[in-house]
Chemist: 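Attaching a single structure in structure tokens format; questions to follow.
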Amino acid sequence: MAGAVHLDKALARKILAGDERAFRALFDEFFPRLYRFAMVRLGGDQEAAQEVVQQTFCKAIEHLDRYRGEAALYTWFCQICRNALVDYCRARSRDSRHVELFEDRQEVRGILETLGGPLADEPETATWRSDLGRLIQSTLDHLSPRHADVLEWKYVEGLTVKEIAARLDVGPKAAESLLTRARVAFREAIESVSGTLELLGRPMGTDPGGTEL
Amino acid sequence: MTEDRKQNPVGGTALDTRDLLGELIRAAGKRQPPPASDYQQTLAAATAVWQRKVRSRHRRRAGFGIAGAVAASLVVALVLSQYWPAMRAAPAGACDRIMGVVSLRSPSEEDWSALGGEPIEIGSRLRTGPDGRTGIILASGVSLRLHGSTEVLLASPREIELFQGRVYVDTHGSVRPEGAITVVTATGTFRDIGTQFEVRRRDDAMRLRVRDGIVSLRMEDRTLRGVAGEQLKLDESGDLTRSAIARDDPDWQWVETLAPAPRLENLPVIRLLEWVRRETGREFVFDGPAVKARAFSTTLHGSVDKLSPLEALDVMLATTDFDYLILADGSISISEKMAASE
């Protein structure tokens, strides 16, 4: 983590020094992730998401010399985005409860418990699944881009390890190793959202405390 | 999927964790990229803010050096106008030596041109090709030497902004605070206290080598000091390592080829030896006190223009009764020539 923050600080210095390549690299990496970050919290309103993310970038760049490496640069951008979201909603008298972290809701933890259980296919869980989908994508966006990409390639696009290795221009062992690390990172991220991953293995009807309902 | 499920000892079924992660990601589907129009609109706005930010930072840095040197540069301009009557603007300095491709862009010009012997205006940029080298005498009297693939801005006779590459500064031992030279980089500002030093910038990594004197490096969050014989390396993450570098390390040799030649006509041999010592870092050893005394009293004649220090030593001593020998440890022994035997 310390190494990643040092790289972030180096990137920020390059951008402030006028390095256009560094600026574009940052923008191209952060824009899609912040856009999805904002979309989730604005109920899918694309126009609003674009406005909030634009404000986020402008403010972050204006104050980039204040970035001291207290957290990862993307996390720092997210904090600015959260503030921009609140300001946006206040200015338009929108219900800013939409802005609260989705992952903080108790229902999210319950969603995870339904996976694989007998009620998984019931119609009333459709909405929950949609919300869960956005949660998963948001979690992927918080991983390093490389980790997020290999997980999508493997599980969404169905690529083999060999195909992933070819895409990354690395050997199969390196690709397998990267995939393992990506799974660990994703698991840790999900655990921080939902509590322990052991809950996912519980039979339906069991609350987090282990008591039968 | 069912083949991967494990039996739960208490009666239900539990998914293998790895499969469950895959299930989650698969269920979420591919993350959608934002619309291209939103990307372009945001990029345009962010770029405008970024460019404004970068310009304001550059203006702030140049402002300190230029404001401080305005009075000095006016005086320098008056003095130099005796030698350069065609001068239109206050010079930051002039070129003393050129090797290979060296280009100049004056503040009023958009294009680069080949550097010649003309005065270099304040605010000019200099750029060397991969094999290019140049030695500049700044209006402050300081010797500035540029290695290959180097680009600098001469913000004033005492402030240089280094964008990329390697520069060597020799202040000829001046310790006056007002005569200090600053080399500005994105990482920090190097300031000398009567020195010879080299700064190299490669992307975001920085290296300072101090050959003589002391150099301070002021950064956003700290100030570092380098002393003679020391090398400081800052990598892209800002981590610092210190190591030693000898005055006569072969890595200093590139600066010798750009050393401004001193005027030695009617000056004692010792002046030549002092110059060679300063430029090469080599120590002199005299073959006895009588030889040393003669170095103070023997007068030189001729010019060492365009000669490197060791070439100059060879050429000049040939006109005297002195001989020299480069010893195994790199030092130079000075002795009297043996009389030719019949």
Side-chain angles (χ1 to χ4, degrees), chain A residues 3 5-7 9-11 13-19 23-24 27 31-33 35-36 39 46-47 49-50 53-54 57-62 64-65 68 112 115-117 129 132-137 139-141 148 151-152 154-157 183 186-187 190 197 200-204 206, chain B residues 1 5-6 8 10-35 37-58 163 185-188 201 203-205 219-221 234-239:
Chain A
V5 165
H6 276 139
L7 289 174
K9 283 169 74 176
L11 177 62
R13 277 199 299 271
K14 276 188 181 177
I15 291 168
L16 289 168
D19 187 332
F23 169 74
R24 284 301 296 267
F27 185 87
F31 176 74
R33 295 157 79 184
Y35 192 90
R36 287 188 288 263
M39 280 278 279
Q46 264 184 261
E47 203 178 309
Q50 188 276 326
V53 173
Q54 183 170 307
F57 266 99
C58 291
K59 202 159 192 178
I61 289 162
E62 190 59 50
L64 195 56
D65 43 8
R68 291 280 176 261
L112 294 170
L115 268 182
R129 279 192 173 278
L132 176 61
R134 286 207 300 273
L135 166 66
I136 300 304
Q137 292 191 352
T139 304
L140 285 171
D141 275 340
L151 288 172
E152 260 190 357
K154 169 78 177 161
Y155 295 112
V156 180
E157 295 183 32
R183 284 192 198 103
F186 180 74
R187 175 190 164 138
I190 280 291
L197 201 60
L200 298 179
R202 289 180 186 277
M204 264 311 295
T206 308
Chain B
M1 186 166 81
R5 289 177 189 267
K6 289 180 187 170
N8 184 317
V10 296
T13 56
L15 291 174
D16 179 79
T17 301
R18 212 161 119 156
D19 293 331
L20 185 56
L21 295 181
E23 287 275 338
L24 286 171
I25 296 169
R26 203 172 293 119
K30 194 167 172 58
R31 292 169 297 163
Q32 293 304 312
S37 54
D38 287 356
Y39 172 91
Q40 292 298 339
Q41 193 176 342
T42 309
L43 176 61
T47 302
V49 170
W50 168 67
Q51 286 173 343
R52 210 168 44 236
K53 179 78 175 174
V54 169
R55 275 198 300 270
S56 75
R57 282 171 66 85
H58 280 164
F163 299 108
T185 70
T187 303
R201 182 185 170 188
D203 296 326
D204 217 37
M219 299 162 68
E220 277 179 21
D221 54 353
L234 279 165
D235 64 14
E236 290 184 354
S237 353
D239 291 327

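Any value given below was found using the heavy atoms of this structure, including those in side chains, with hydrogens, waters and symmetry copies removed. Labels below follow one simple rule: chain letters A, B, ... track the order of the sequence lines, proteins then strands, and each chain is numbered from 1.
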Chemist: Using heavy-atom distances under 4.5 Å, tell me whether B/Gln41 contacts chain A through its side chain, its backbone, both, or neither.
Modeler: both
Chemist: Atom CG of A/Leu16 and atom CG of A/Asp65: how far apart are they, to the nearest 0.5 Å?
Modeler: 5.5 Å
Chemist: Mind checking whether A/Phe186 and A/Ile136 have side chains closer than 4.5 Å, heavy atoms only?
Modeler: yes
Chemist: Between A/Gln54 and B/Ala46, is there a donor-acceptor pair closer than 3.5 Å when you use the side chain of the first and the backbone of the second?
Modeler: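 Side chain of A/Gln54 to backbone of B/Ala46, a donor-acceptor pair under 3.5 Å: no, none is there.
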Chemist: Checking B/Gln51 side chain against B/Val49 main chain: does a donor-acceptor pair fall under 3.5 Å?
Modeler: no
Chemist: Is A/Glu157 close to chain B through its backbone or its side chain, or both, or neither, when contacts mean heavy atoms under 4.5 Å?
Modeler: side chain
Chemist: Side-chain contact test, heavy atoms from C-beta onward, threshold under 4.5 Å: evaluate it for A/Tyr155 versus B/Leu21 and give yes or no.
Modeler: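 No. Closest side-chain heavy atoms not under 4.5 Å.
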Chemist: So which part of A/Ala49 gets closer than 4.5 Å to some heavy atom of chain B, the side chain, the backbone, both or neither?
Modeler: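 Looking at A/Ala49, nothing touches chain B.
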Chemist: Which label fits B/Tyr39 and A/Phe27: parallel for a plane angle under 30°, tilted from 30 to 60°, or perpendicular past 60°?
Modeler: perpendicular
Chemist: If you count heavy-atom pairs within less than 4.5 Å of chain B, which of A/Glu62, A/Arg36, A/Arg13, A/Gln46 leads?
Modeler: A/Arg36
Chemist: Quick check on B/Pro33 against chain A: is it the side chain, the backbone, both or neither that has a heavy atom closer than 4.5 Å?
Modeler: backbone
Chemist: Using heavy-atom distances under 4.5 Å, tell me whether A/Asp19 contacts chain B through its side chain, its backbone, both, or neither.
Modeler: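 Backbone only.
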Chemist: By a 4.5 Å heavy-atom criterion (distance strictly below it), what part of A/Ile15 contacts chain B: side chain, backbone, both, or neither?
Modeler: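 Contact with chain B involves both backbone and side-chain atoms of A/Ile15.
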Chemist: Examine whether an atom of B/Thr47 lies under 4.5 Å from a heavy atom of chain A, and if so say whether it belongs to the side chain, the backbone or both; otherwise answer neither.
Modeler: both
